[in-house]
Amino acid sequence: MAEGERAADTGGGETGEKTAEELKEKANEYFRVKDYDRAVQYYTKAIALNPDTAIYYGNRSLAYLRTECYGYALADASQAIQLDAKYIKGYYRRAASNMALGKLKAALKDYETVVKVRPHDKDAQMKFQECSKMVRQKAFERAIACDSNHRSVVDSLNIEGMTIEDEYTGPQLQDGKVTLDFMIELMKFYKDQKRLHRKCVYQMLVQMKEILSKLPSLVEITLDKSEQVTVCGDTHGQFYDLMNIFQLNGLPSESNPYIFNGDFVDRGSFSVEVIVTLCGFKLLYPAHFHLLRGNHETDTMNQMYGFEGEVKAKYSNQMFQLFSEVFQWLPLAMCINNRVLIMHGGLFSEDGVTLDQIRNIERNRQPPDSGPMCDLLWSDPQPQDGRSTSKRGVSCQFGPDVSRRFLKENGLDYIIRSHEVKPEGYEVCHDGLCVTVFSAPNYCDQMGNKGAYIHLSGSDLKPKFHQFEAVPHPNVKPMMYANSLLQMGMM
């Protein structure tokens, strides 16, 4: 929770400083009820009146962390430390920001500072050890990746030799293939919190990799006037909300096609169930069920936000490595009737990017820190013209003028993207040129947002929004390193 202590009295209680303190206390109240946007507004007002108080920046940094604005959080934590080098919570928050951005060595340096100052702080020691472990693991993974003899997980699998035990009573593939009966049984099985046999998961992932590897980075489809497609945003391991989408909108089929726009995993507690279900429908209806890559279909995010830990707990490290290979082949964007472009993040850090450039992206890799592939996964819109530094610390924010130029140059009407929580589940900005859809209601069990999905008809391609609320789910905590590491600023 944001600190409630008052800043030191430096001038006999000047009116301006009292007002800044009152604004900070108001911000703290909003923070306590999880209205982080308003908390940021009031911390910002306090900073405007008294820009030399570290705690104001520290508190705002924490509010930014809660809204996943990691770039802003990092800047505020750094400013707090610059103002007061003894402000330990600033180091905690800078570490948390760097962790969220995957900058493990920078985070470790700040944790080390905290441990030196507070050698008997068990929480600090635990966080320092966890970060050290992650740094070592990353170093090991880099060494493995440099090995020229590194092979695909598929090459080392002996799926036929895997035995399904007699006591296993769950769904099985029919002659190695996904059927509708299998999918219906699987979803019921998952609702009962049961685990699909590892042989079935391996069979599905191997087939998924084969299908996805044959797709272009930009998938292009045509809707006839009588056809409709449903576009869903982030689902983030919220399996029971995914089931609710299918309940409200119908199961996927050749006559009821879907596009899921990335971020299937992490954060929620049922990421395995979500991604296996989505893979199953992709295998069942490869031309009518589409999956695009999000920024969370990457190794660094999976390590931080739960998916890697969940797969290892439910299956094995080898299984996670195969998921990683599958994710690398997910397409990056989709174009409907040459008029609507869909991607997870947004537009680009530079003008002049064409659809041909998107088509030619070599996507079978972990995303780089910059460039078109990074932008497609990470960027966000902003209300003002131009571009600005990303609030996330990765890619950029782009304005309405950027959207207009890109769409005009590429002969498009508008874009659909996801990537951001929206209170109503969707948002239309840039005069209708940029649409956001987010399909994880009450995100992280705390945001209180609605979920939404979009219907697009081939007759006019105008987005029709459908909202829904979160549904109850079993109380299972997600397996996130970040779940504990990002708590470092909450002392």
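Small disclaimer: the values here were computed from a predicted structure and weren't measured.
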K.L.:
Measuring centre to centre across the rings, with the benzene-like ring taken for any Trp, is F239 within less than 6.0 Å of Y190?
P.N.:
yes
K.L.:
Taking the six-membered ring where the residue is Trp, are the ring centres of H236 and F264 under 6.0 Å apart?
P.N.:
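Between H236 and F264, the centre distance exceeds or equals 6.0 Å.
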K.L.:
Using the ring centroid of each side chain, check whether H430 and F398 are separated by less than 6.0 Å.
P.N.:
yes
K.L.:
Please tell me whether Y240 and F270 form a close aromatic pair, meaning their ring centres lie under 6.0 Å apart.
P.N.:
yes
K.L.:
Taking P331 as the fixed residue, which of I361, L218, L212 is the one that meets the side chain to side chain contact (heavy atoms under 4.5 Å, CB included) rule?
P.N.:
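The side chain to side chain contact (heavy atoms under 4.5 Å, CB included) with P331 is passed solely by L212 among I361, L218, L212.
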K.L.:
So, N442 side chain and G448 main chain: donor-acceptor pair closer than 3.5 Å or not?
P.N.:
yes
K.L.:
For the residue pair K45 and Y42, would you count it as a cation-pi contact if the rule is NZ or CZ under 6.0 angstrom from the ring centre and within 45 degrees of the ring axis?
P.N.:
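Ring-cation test returns yes.
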K.L.:
What are the two closest non-hydrogen atoms of A54 and D84, and how far apart are they?
P.N.:
CB-CB, 3.8 Å
K.L.:
Parallel, tilted or perpendicular: which fits the ring planes of Y453 and H455, with parallel below 30° and perpendicular above 60°?
P.N.:
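Answer is tilted, since the angle falls between 30° and 60°.
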K.L.:
Would you call the rings of F323 and F327 parallel, tilted or perpendicular if under 30° counts as parallel and over 60° as perpendicular?
P.N.:
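Tilted: the ring planes of F323 and F327 meet at 30° to 60°.
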K.L.:
Under 30°, 30 to 60°, or over 60°: which ring-plane class applies to F438 and Y443, parallel, tilted or perpendicular?
P.N.:
perpendicular
K.L.:
If the threshold is 4.0 Å, N to carboxylate O, is there a salt bridge linking E68 and R267?
P.N.:
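Yes, this pair counts.
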K.L.:
Find the distance between CD (E254) and CD (E227) and round it off to the nearest 0.5 Å.
P.N.:
11.0 Å
K.L.:
Can we say R417 and D380 salt-bridge, meaning some charged N sits less than 4.0 Å from an Asp/Glu carboxylate O?
P.N.:
yes
K.L.:
Taking the six-membered ring for Trp, are Y258 and F260 ring centroids under 6.0 Å apart?
P.N.:
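Between Y258 and F260, the centre distance is under 6.0 Å.
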K.L.:
Run the ring-centre check on Y64 versus Y57 and record whether the distance is less than 6.0 Å.
P.N.:
no
